[in-house]
Amino acid sequence: FNLVGHYKLANKRERAREAALLEFRENCSILKTEYGEIHGKVGDRDRELAARLANAMVSRAERVHQDLYRDYFSSSLQKLETAYAGMKRDFDSIGGMGLDSLATASRVMSNYLRSISGYRMALLNPPPSLMILEKAIPSVRHDRPKHLLNTVAAALVGSFTALAVLLLLPFFNRNPS
């Protein structure tokens, strides 16, 4: 996304990347809502870039989850297949088994095959990790607080309140006698 160029930090040479990351973190917020949803917001003077960054963050999180999911199920499947192959080898090498132990071994091996099949299906059909309610779109207008305007408004309200208290104070301090 060339954030170093976007934030005009090229003059900071060796620290430009860290400065760009710091600036990006200040423009970014991720919160958990009261309904358990994750709400991400990226603010920037370039509305198009902010929307692209937000969508890229979501797709990156989805990709990381999918990779973790596949790694877990692949290693579990490999362990199950190794254990099943060892059991099958042991089962084939032992010839004089009783009927009870033969039925038990057959049931255990059948359960392993069922588990292996389930893990293979899980690998072929990974569930989505994120349910995206809506993609980020560029905002219509700048939605950051206007600090100067808010400060001036607070100062005016405070001044008028102080003036009103000063003007009305003599009426409250009179003795009714």
Can you name the closest pair of heavy atoms from L80 and S115 and give their distance?
-> CD1-CB, 3.9 Å
If only atom types and distance count, is the side chain of S74 paired as donor or acceptor with the main-chain N or O of D71 below 3.5 Å?
-> no
Nearest heavy-atom neighbours spanning Y112 and M87 = CE1-CE, 3.1 Å
Audit row: R114, N111, side-chain hydrogen bond (donor to acceptor under 3.5 Å, both in side chains) steps and yes/no | CA-CA 5 Å; R114 193 173 307 116; N111 287 339; 2.8 Å; yes
Are any non-hydrogen side-chain atoms of M57 and I30 less than 4.5 angstrom apart?
-> yes
With distance as the sole test, does S117 use its side chain to make a donor-acceptor pair with the main-chain N or O of L113 at under 3.5 Å?
-> no
Would you say L123 and V64 are hydrophobically clustered, going by side-chain heavy atoms of ILVMFWY under 4.5 Å?
-> no
Where do E81 and R120 land on the salt bridge (Lys or Arg N to Asp or Glu O under 4.0 Å) test, with the steps shown first?
-> CA-CA 11 Å; E81 287 173 337; R120 284 184 181 152; 2.5 Å; yes
How far does NZ of K79 sit from OH of Y119, to the nearest 0.5 angstrom?
-> 9.5 Å
Path from L148 to L156 over hydrophobic side-chain contacts below 4.5 Å | yes
Please examine the side chains of L68 and Y72, heavy atoms only from C-beta on, and report whether any two atoms are closer than 4.5 Å.
-> no
Does Q78 CD have over 12 foreign heavy atoms under 6.0 Å away?
-> no
